[in-house]
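First comes the structure, then the notes that go with it.
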Amino acid sequence: MNIFCIVFGLMLSSFGLLFILLYTNLLTMGYSFLEFVQFISKRFECLLFLFGMILIFVGMERRRKNVLLLRLFTKFWKRRNV
């Protein structure tokens, strides 16, 4: 399940980032930076970048907990505290 979240999040975030980069052409057409940010914040394609990043962080959350548990319960940790 975690691998699925990470892979699907990578696909969504890359798709969203692609559209954000494509929409930067609006800056050359006379849009100000504030207008550009307002425009891309309303587009669904660009919001996929945020959804993808959230999925990546959710998929990595359990992996980080397991790494911390492995570090706590090693032989070296038991020797130091005994």
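Residue numbers run from 1 in the order of the sequence given.
- Taking the side-chain hydrogen bond (donor to acceptor under 3.5 Å, both in side chains) definition, one finds that Tyr31 meets it with nothing, sequence neighbours left out.
- Aromatic ring centres of Phe39 and Tyr23 lie closer together than 6.0 Å.
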Pairs under 3.5 angstrom only: tabulate donor-acceptor contacts from the side chains of residues 47-58 to other protein residues two or more places apart or in another chain.
none

### Query
Step by step, would you call Asn2 with Met60 a side chain to side chain contact (heavy atoms under 4.5 Å, CB included)?
CA-CA 7 Å; Asn2 291 339; Met60 292 178 65; over 6 Å; no
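- For residues 1-20, no residue pair satisfies the salt bridge (Lys or Arg N to Asp or Glu O under 4.0 Å) rule, not counting sequence neighbours.
- Considering every non-hydrogen atom in both Gly59 and Cys5, the closest pair reads CA-CB, 3.9 Å.
- For Glu35, the salt bridge (Lys or Arg N to Asp or Glu O under 4.0 Å) test picks out no residue, with sequence neighbours left out.
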Under 3.5 Å, which donor-acceptor pairs do the side chains of residues 12-20 form with other protein atoms, sequence neighbours left out?
from  : atom 1 : to    : atom 2 : distance (Å)
Ser13 : OG     : Gly9  : O      : 3.0
Ser13 : OG     : Leu10 : O      : 3.1
Ser14 : OG     : Leu10 : O      : 3.0
Ser14 : OG     : Met11 : O      : 2.9

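- Applying the salt bridge (Lys or Arg N to Asp or Glu O under 4.0 Å) test to every pair with at least one member in residues 37-49, sequence neighbours left out, gives these pairs: Arg43-Glu45.
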